[in-house]
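Predicted model only: the values in this text are computed from it and were never measured. Every chain is numbered from 1 and lettered A, B, ... according to where its sequence line falls, protein lines coming before strand lines.
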Amino acid sequence: MASEYDYKKIEKKWQDTWAASSAFKASDDSSKPKTYVLDMFPYPSGEGLHVGHPKGYIATDIYSRHMRMRGHNVLHPMGWDAFGLPAENFALKNKIHPRAAVEQNIANFKEQLAHIGFDYDWSREVNTTDPAFYKWTQWIFLQMFKKGLAYQSNEPINWCPSCMTGLANEDLDGDVCERCGTKVEKKSLPQWVLKITNYADRMLQDLDALQWPEYIKEAQRNWIGKSEGAELEFSISNSQFSIKVFTTRPDTLFGATYMVLAPEHPLVAQLQIENRAEVDSYVVASKAKTEIERGAAKDKTGVELKGIKAINPANKEEIPVFVADYVLWGYGTGAIMAVPAHDERDFEFAKKFNLPVREIELEDSKKIVEKVGGTWTVNYKLKDWVFSRQRYWGEPIPIIHCPKDGAVAVPEDQLPVLLPEVASYEPSGTGESPLATITEWVNTTCPTCGGPAKRETNTMPQWAGSSWYYLRFMDPHNTEALVDTKKEKYWAPVDVYVGGDHAVRHLIYARFWHKFLYDIGAVSTIEPFARLEFLGFILAEDGRKMSKRYGNVIDPTDVVVEHGADVFRLYEMFMGPFENTTAWNPASISGVGRFVERVWRVGTSDVLRTSDVLALDTLLEQTVKKVGDDIESFKFNTAVSQMMILLNAIEKEKMIGKGQWQKFLSILLPFAPHIASELAQVAGIDISAWPAVDTGKLVADTVVMGVQVNGKLRGSIELAPTASEKEAVAAAKNDPKIAKWLTGEPTKVVYVAGKILNLVV
RNA sequence: GCCCAGGUGGCGUAAUUGGUAAACGCGCUACCUUGAGGUGGUAGUGCCGAAAGGCGUGGAGGUUCAAGUCCUCUCCUGGGCACCA
């Protein structure tokens, strides 16, 4: 008779079995078709995992187990994205070395993951802070440097005064640091910048073919922000200067009644302006504001450059020139021709400064650009990637600064440039990295001339390692190359990539690096992630984000201890659509808890028959098909409910054929691998292969069809799905409930076999 | 302002893609079991109505034998971008 389901004992047993047999090791040399399933690897934070993290991991676990059952050679690895500010801040707060903090946190994460029964191939574990790993992060940087894609700049960048480091545009939330919420400042620092803009067009174009959620693609398109237009030149009267503008509307050129320069525009300083003092004070005031503050201003502001007139190249008209901060230096040419009749902002400004608004007949863009000698061009909102961080816990940038030879690459045979030990790794706040204080490390010799030189002391941003880690899983222990070409050709691309949150940053950086690696022949595909599944977060019961701050964090280990791993896995998949954000609901866990208990009771009672139970055939085959299809399309919630429907039917019949039970346990296995494995062993059946669908049994012998009279449902009839219209109408007339609505012979009959009968009278 | 998703019971949600709306689960109600509560089972559970029946997928129109699904307008929610020329 059925015994209590001892999930603690059984789950431990199977987890040990899988570990001992290296059951999930991926082979690099296989004739089987490959599937590479990847999770966005976690940041091993000090808070540990909460129940939101494993949601994606459960999905990839189900997907990868299912593909393995379908005969694929599956790569499903896990690793750690462990450089960056949070780890460093955690270490500072707890007064330990970041490396020690990372090790401790990783051990904690692994312990938590171990209880859930995942099928990771741990032999391929990677860690971005491992010198054997970041050697190749540095190597990629050097290749970019050699190709001119990594360059030094002194342009003012975003500086977070709290994190004491420069940031990229992608690291901002409006005008505050995405990490700590502090308002960023502009600061001029010597910076390494990566020329991501070179790839803007390809990143945009190649999005189309990707199997990604549309809104993620859209977010990337927005971020890249491509606009096509023309550059036109306006000469300035009585001077050698001219103003170049970018416009998407050259057809409105005749309506240009004034021009505007951004406050940062160099011409503002160069021109002979009569009201110099007024202009200068406006420029100073503008530069003190962030772009967001400028945008938030209710009123347009600006100052006319007295004594300066620009000449409209279309009609040779002289028009005034302003400096105004509604024009951004960072976009286009930092100068505009203002057409108040066709642009709301120009209109607003024109009204305030009493400038003419001229309605015009639009010209042909092509002709006018040609006529005034303009050039067609493309502009992007995307900016080059500010790549230097003035912090300790990151990959050292492998560059040596020589007074004679300038910036020189560290020779590749000297990689990795190890992150040195430092007495104090707190940020200095001066704009220099803590590494700058280690003189014996900083002072070195120039690889080119052998003279005295200094190492670059800035480190890479948190996003460096994650921009290529998926390649390393294909060949994690290679000391000669970041990935072996043959292995890369076999495994690439990532077939399914699963995660959340990084809609723009990580995905755009990784795509950029990947395309670069493609260009230098290091990888064979133009995109890294063929398919992307984005998950919805799990909120706390109170509807807020789970956070230590609110004290509402649920530890997956607690759930596993209380309910078991299989229940936890099933519950997270049953909560709702994978991409939905849903609140944690402990009451609902008991629903899947009952399901698992009932599966156990069925599997350990005497319901198994040697021959199939006919009454279950159709539903079983439908279930096998639906669960398989649903896993493929990441509709795990409906897969679980379908299995529940089947279990309800099995309980109703109080028996099931052994072969049928085998099919049921097989499709349950990816979701609830422990109990499925145990019950298969109990029954002495093999569930290692995904069952084939017996398509002949998919359609039931008889179906219940709705019957409508004049479009309103009046009853139902049961008959074969192949029944003729005549038979169906006869059956309907035979039913007194339906017949009472039939006042005469139907004037029209609509019959869709197996679905509906509609009688119009 | 522009661009993407979405609005279905008390709740999470489902709907064979134009064919019986609410499957599956939670919760709730009643009864049985359980010798005193977080057990298991049976039945019920969209709304109005005693019933017959009527109404019902944010709202208003429309197409159709038939609309949650398609079309037009509109309101609301979430997300992305935003003085980007």
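The interatomic distance linking Leu539(A) (CG) with G79(B) (P) rounds to 11 Å, in whole Å. Here G38(B) presents its P atom at 19 Å from CD1 of Ile589(A), a figure rounded to the nearest Å. As a whole-Å value, the separation of Leu207(A) CG from C3(B) C1' is 15 Å. Rounded to an integer number of Å, the gap from Leu172(A) CG to C81(B) P is 11 Å. To the nearest angstrom, P of G1(B) lies 14 Å from CD of Glu348(A). Note: CD (Glu725(A)) to C1' (C65(B)) measures 12 Å, nearest angstrom. Rounding to whole angstrom units, CG of residue Asp173(A) and C1' of G80(B) are separated by 12 Å.
The residue Val704(A) sits close to a base: some heavy atom pair falls under 4.0 Å. Nucleic acid contact class of Val327(A) (heavy atoms, under 4.0 Å, all strands): base.
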All N/O donor-acceptor pairs, side-chain side in residues 539-546 of chain A, below 3.5 Å, sequence neighbours left out:
unit_1, atom_1, unit_2, atom_2, d
Asp542(A), OD1, Arg544(A), N, 2.8
Asp542(A), OD1, Asn552(A), ND2, 3.4
Asp542(A), OD2, Arg544(A), NE, 3.4
Asp542(A), OD2, Asn552(A), ND2, 3.2

Less than 3.5 Å apart, which donor and acceptor atoms pair up between the side chains of residues 570-581 of chain A and the rest of the protein, not counting sequence neighbours?
unit_1, atom_1, unit_2, atom_2, d
Tyr571(A), OH, Asn585(A), N, 3.0
Tyr571(A), OH, Asn585(A), O, 3.3
Glu572(A), OE1, Lys55(A), N, 3.3
Thr581(A), OG1, Phe537(A), N, 3.3

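A donor-acceptor contact under 3.5 Å is not formed by the side chain of Lys381(A) with the base of C81(B).
Annotated as anti: U64(B), whose glycosidic dihedral deviates from 0 by more than 90°. In this structure G49(B) sits in the anti conformation; its chi angle is more than 90° from 0.
Annotation: ring pair (Phe, Tyr, Trp, His ring centres under 6.0 Å) contacts of His265(A) (sequence neighbours excluded): Trp329(A). Considering only residues two or more places apart in sequence or on other chains, Lys289(A) meets the salt bridge (Lys or Arg N to Asp or Glu O under 4.0 Å) condition with Asp325(A).
Aromatic ring orientation, Trp584(A) versus Phe568(A): tilted (interplanar angle from 30° to 60°).
Side-chain N or O atoms of Lys217(A) include one that pairs as donor or acceptor with a backbone N or O of Leu210(A) at under 3.5 Å.
Screening Trp223(A), Tyr199(A), Trp385(A) for a ring-ring contact (aromatic ring centres under 6.0 Å, His included) with Tyr509(A), the sole residue that qualifies is Trp385(A).
For the C1' atom pair drawn from A21(B) and A15(B), the interatomic distance equals 7 Å after rounding to whole Å. Atom name P, nucleotides C47(B) and U29(B): the rounded distance is 15 Å, in whole Å. Comparing U34(B) with G38(B), their C1' atoms are spaced 13 Å from each other, to the whole Å. Distance check on atom C1': C83(B) versus G79(B) gives 22 Å, rounded to whole Å. The same atom, P, is picked in U74(B) and in A23(B); the two are 35 Å apart, to the nearest Å. As rounded to the nearest Å, G58(B) and U17(B) have C1' atoms that lie 22 Å from one another. Look at the P atom in both A5(B) and C70(B): the space between them is 12 Å, to the nearest Å. A50(B) sits 29 Å from G61(B) when the P atoms are compared, rounded to a whole Å.
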> Step by step, would you call Phe353(A) with Tyr258(A) a ring pair (Phe, Tyr, Trp, His ring centres under 6.0 Å)?
Replying inline: CA-CA 11 Å; Phe353(A) 288 85; Tyr258(A) 66 101; 8.3 Å; no

> Given Phe349(A) and Phe347(A), is the ring pair (Phe, Tyr, Trp, His ring centres under 6.0 Å) satisfied, shown in steps?
Replying inline: CA-CA 5 Å; Phe349(A) 189 87; Phe347(A) 182 75; over 10 Å; no

>> Pair Glu228(A), Thr248(A) - check side chain to side chain contact (heavy atoms under 4.5 Å, CB included), show working.
In response: CA-CA 6 Å; Glu228(A) 292 173 89; Thr248(A) 54; over 6 Å; no

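Within residues 753-761 of chain A, the residues approaching RNA chain B are Lys755(A), Ile756(A), Asn758(A), Val760(A), by heavy-atom distance under 4.0 Å. For RNA chain B, the neighbouring residues in residues 642-652 of chain A, judged by any heavy atom under 4.0 Å, are Met644(A), Ile645(A), Asn648(A). For the contact set between residues 213-226 of chain A and RNA chain B, defined by any heavy atom under 4.0 Å, the members are Tyr215(A), Glu218(A), Ala219(A), Asn222(A), Trp223(A).
For Glu651(A), the CD atom counts as densely surrounded, since its 6.0 Å shell holds more than 12 non-hydrogen atoms of other residues, nucleotides or ligands. No more than 12 heavy atoms of other residues, nucleotides or ligands sit less than 6.0 Å from atom CG of Asp701(A).
Judged purely by distance below 3.5 Å, without hydrogens or angles, the side chains of Ser227(A) and Tyr380(A) never pair a donor atom with an acceptor atom. In the model, Asn158(A) has no side-chain atom that pairs as donor or acceptor with a side-chain atom of Asp171(A) under 3.5 Å.
In terms of heavy-atom proximity, Asn758(A) sits nearest to Gly711(A) at OD1-N, 3.1 Å. The nearest pair of heavy atoms linking Trp376(A) to Gly229(A) is CE3-O, 3.2 Å.
Counting only residues at least two apart or on different chains, no ring-ring contact (aromatic ring centres under 6.0 Å, His included) pair has a member in residues 695-742 of chain A. The side-chain hydrogen bond (donor to acceptor under 3.5 Å, both in side chains) analysis of residues 709-719 of chain A, with sequence neighbours excluded, yields the pairs Thr702(A)-Glu718(A).
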> What string of B, S and - do you get for nucleotides 48-56 of chain B 5' to 3' if you count protein non-hydrogen atoms under 4.0 Å?
Replying inline: ----SSSS-

What's touching nucleotides 9-15 of chain B from the protein side, N or O pairs under 3.5 Å?
unit_1, atom_1, unit_2, atom_2, d
G12(B), O2', Met575(A), O, 2.2
U13(B), OP1, Asn580(A), ND2, 2.8
A14(B), OP1, Asn637(A), ND2, 3.0

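Along RNA chain B, the nucleotide closest to Arg594(A) and the one closest to Gln708(A) are compared, and the more 5′ of them pairs with Gln708(A). When the nearest nucleotides of RNA chain B are assigned to Val640(A) and Gly330(A) by heavy-atom distance, the more 5′-ward of the two goes with Val640(A).
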>> Dot-bracket, 5' to 3', for RNA chain B please: Watson-Crick or G-U pairs under 3.5 Å, [ ] where pairs cross earlier ones, | where the partner sits on another strand, dots elsewhere.
In response: (((((((..(((......[....)))((((((.......))))))(((....)))..(((((..]....))))))))))))....

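For Glu363(A) and Arg249(A), the salt-bridge test fails: no basic side-chain N is under 4.0 Å from an acidic carboxylate O.
Figure legend: Lys300(A) and Tyr326(A) shown as a cation-pi pair, the cationic atom lying under 6.0 angstrom from the six-membered ring centre and within 45 degrees of its axis.
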